[in-house]
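Reading through the structure tokens given below for one structure.
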Amino acid sequence: MNASLGEGTYIVFDIETTGGNPEKNGITEIFALRYHKGEIIDTFYSMVNPGVSIPPIVRRMTGITNKMVRDAPPIKAIMPEFIRFIADDILVAHNTIGDMKFIRYFAQHECQHEVTNYFMCTHLLVEKMAPNAPDKSLRGLGDFFKLPTDAQLHRAEADTYLTLELFKVLLQKLEDKGIKSIADAIRFQGDFESGTRLGWGVKPEALAHLPDTEGVFYLYDFSGHVTFLSSAHSIAREVKRLQKLNALPKQLLRAVLSSSDIRIEETPTAFAAALLEAQSLVRHRIRFDPANWHQRTANFIYICKDEDAYRLTTGPLVADVVSFLGPIRGGKDITTLLDHIARILGRKPAKKGLQILPEEWPILDTFFRRKRLVPTLKEKFLSFFPRFEEKSRHLQRIRDQLNEIAIPEDLHGASICSGIVAVAVEEDRWHLYCVAVGRLQSEFSVQGDLVQGLKKNDLNIRVYRQLKDALREISAVKQPLTYGDAILLNRMFWWAFFGERHENVRVIPLDTLARL
């Protein structure tokens, strides 16, 4: 497996069958060739009696008739010879997984033999290296790469030789990408079975000396793209957890198995690592949110834009959120609140949440801000016109009923995440992060007692004024949250409300800051 691509021995093969399920269908034809160091050194061929009638559609596609296979040997006679021929070499086919179903089934059923050969699939490799090919069938790829093709495709021998020509092209593309070994090429193709057997491709020496400190680690694929990143209280411990492949969610497993390198950035605190993670997620749009792995994120009740309407739902903040309350700490109060809102609006939540009409969301936004709900001047004016009368009554009814229910006290709006997050760096030193609605404005350190350090030279007053100015600027621009803002607020709220369990953290709200 560690041999170079050019030194490998490959069994390129194709089979024809009567259908797609090996338990109900049979093989009608097998062709295979052994390809080593650029040469074909052996071949294997046999027609096979499938034991079942060949359906008309298959006869038309392959040209193989029932008469042609009537006197052919059954798979029970052929499979032992085929198993000896393939030995433990690398199997290569187009859409290999489909062909492997038949090979494995009949090897086990007829010979009690488990086929454990690693395989390379030209279709999976094309998906990675030639995604612009419009037709990824074998014939389509033959035309795309201008390969010599036999007119009699959908026969095992012709398809095998075309697969070999395609495989040669792909071997060169793999080498051009810097993928040298057979094992790395199989990891690159991205099938779960092979990747899990091989383990991830980050070299052991790169994993051997990871620091037991806070920071962010980044996994890279063979193309130099980040496949996964995460903050960590201990980089070494968190990376070790990822090596337990059976415990990983499928999407994270895909990212890990496609990784070939790791890089790290150490930080002075775990909170600093969380901020760096948020910034890095904006730069590297990975598919799996690390918060779903390390669980260091807050959950909220929020309203977000959803095409031409809005929806009310719960979970971590996402892009296009327009109003939110949080963090959610669990309990029936949240469920009761959501049930009340659904009942007032007169509709049931769907899987994605509760639909909110465009004219309703400003009312809920005001409700989330804990303000008394009254009609706007525009609505009062429109209520005099018959065509708007029914809508005005509907909105007023919503206001009246929302005014009668209370928001749980432990649910806060965005402004609560404004002030100072102080993290103990050493025994007598604090690192301070000044935030306005979760957005970092500045940072600095103080020695000794935290409160005394802030009161020295009226530092607390100057920070208070800086943050009040930032709040005014933020509130003046009423735009939905960006992806970056949502990620940052998820981390900020988690650290502000739950972080003290993991680090010596103190949060000084903006109003408290002025009264120190």
Side-chain angles (χ1 to χ4, degrees), residues 1-17 20 22 26-46 48 75 78-129 136-138 141 154-174 179 181-199 257:
M1 295 299 293
N2 292 321
S4 68
L5 291 171
E7 295 293 316
T9 302
Y10 307 96
I11 303 295
V12 186
F13 77 101
D14 184 62
I15 61 174
E16 300 301 332
T17 68
I27 295 174
T28 57
E29 188 177 39
I30 300 179
F31 185 86
L33 59 84
R34 179 170 282 105
Y35 182 70
H36 178 66
K37 293 186 177 180
E39 293 185 1
I40 299 170
I41 59 175
D42 201 358
T43 60
F44 177 95
Y45 175 72
S46 182
V48 184
I75 193 64
I78 297 300
M79 189 51 66
E81 298 177 35
F82 186 70
I83 290 170
R84 284 192 292 273
F85 181 81
I86 66 175
D88 60 356
D89 293 333
I90 309 298
L91 302 179
V92 178
H94 195 68
N95 286 321
T96 317
I97 294 171
D99 287 351
M100 289 294 289
K101 280 194 307 184
F102 278 83
I103 298 301
R104 285 174 172 167
Y105 176 82
F106 286 111
Q108 182 65 48
H109 191 265
E110 303 295 349
C111 307
Q112 292 73 54
H113 175 80
E114 184 179 358
V115 175
T116 59
N117 302 54
Y118 281 98
F119 63 84
M120 295 176 72
C121 175
T122 52
H123 185 273
L124 289 176
L125 291 170
V126 164
E127 289 281 3
K128 292 292 184 70
M129 293 188 293
K136 294 182 176 63
S137 68
L138 191 56
L141 292 169
H154 291 301
R155 290 297 299 270
E157 183 173 356
D159 283 4
T160 297
Y161 278 108
L162 181 53
T163 300
L164 175 62
E165 295 304 313
L166 175 59
F167 186 56
K168 291 177 185 177
V169 172
L170 296 174
L171 284 177
Q172 185 59 56
K173 286 183 174 292
L174 286 166
I179 299 171
S181 73
I182 294 171
D184 283 346
I186 293 174
R187 285 191 186 95
F188 175 76
Q189 79 180 355
D191 72 283
F192 284 124
E193 177 199 323
S194 303
T196 304
R197 285 177 65 190
L198 287 169
L257 292 180

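For the single chain, residues carry numbers from 1 onward in sequence order.
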Interatomic distance, M120 atom CE to L174 atom CG [nearest 0.5 angstrom]: 5.5 Å
Check ion pair R84-E81 (N to O, under 4.0 angstrom): no
Chi angles and distances behind the side-chain contact (heavy atoms from CB on, under 4.5 Å) call for H113, Q108: CA-CA 5 Å; H113 175 80; Q108 182 65 48; over 6 Å; no
Least distance between heavy atoms, L125 atom then A185 atom: CD2-O, 4.2 Å
Steps toward side-chain contact (heavy atoms from CB on, under 4.5 Å) verdict (F13, I86): CA-CA 10 Å; F13 77 101; I86 66 175; over 6 Å; no
Heavy-atom check, side chain of K101 versus side chain of T17, under 4.5 Å: no
Donor-acceptor contact below 3.5 Å, side chain K173 vs main chain M129: no
Side-chain donor/acceptor of Q189 to backbone N/O of C121, under 3.5 Å: yes
From I182 atom CD1 to N2 atom CG, the distance as rounded to the nearest 0.5 Å: 9.0 Å
From T43 atom OG1 to R34 atom CZ, the distance as rounded to the nearest 0.5 Å: 10.0 Å
L257 versus G195, closest heavy-atom pair with distance: CD2-O, 3.3 Å
H109 and Y105 aromatic ring geometry - parallel, tilted or perpendicular at 30°/60° bounds: parallel
Under 3.5 Å: donor-acceptor pair, side chain of R187, backbone of G199: yes
Interatomic spacing from CG in L170 to NZ in K128 - rounded to 0.5 Å: 12.5 Å
From CA spacing to verdict: side-chain contact (heavy atoms from CB on, under 4.5 Å), L91, D99: CA-CA 10 Å; L91 302 179; D99 287 351; over 6 Å; no
Over 12 foreign heavy atoms within 6.0 Å of CD, Q112: yes
Sidechain-backbone polar pair: H94 side chain, D14 backbone, donor-acceptor under 3.5 Å: no
Heavy-atom donor-acceptor pair, N117 side chain to D89 backbone, under 3.5 Å: yes
Atom pair OG1/CG of T122 and L138 - distance to nearest 0.5 Å: 6.5 Å
Y10 and F167 aromatic ring geometry - parallel, tilted or perpendicular at 30°/60° bounds: perpendicular
Distance in Å, F119 CZ paired with I103 CD1, rounded so as to fall on 0.5 Å steps: 13.0 Å
Verdict with reasoning, Q172 to K168, per side-chain contact (heavy atoms from CB on, under 4.5 Å): CA-CA 6 Å; Q172 185 59 56; K168 291 177 185 177; over 6 Å; no
Sidechain-backbone polar pair: T96 side chain, V92 backbone, donor-acceptor under 3.5 Å: no
Nearest atoms (heavy-atom pairs only) where F106 meets I27: CD1-CD1, 3.9 Å
Ring centre gap for F31 and Y161 strictly below 6.0 Å: yes
side-chain contact (heavy atoms from CB on, under 4.5 Å) partner of I11, chosen from F85, Y35, F44: F85
Side-chain (T28) to main-chain (E16) donor-acceptor, under 3.5 angstrom: yes
I186 and R197, any side-chain heavy atoms less than 4.5 Å apart: no
Sidechain-backbone polar pair: T9 side chain, H36 backbone, donor-acceptor under 3.5 Å: no
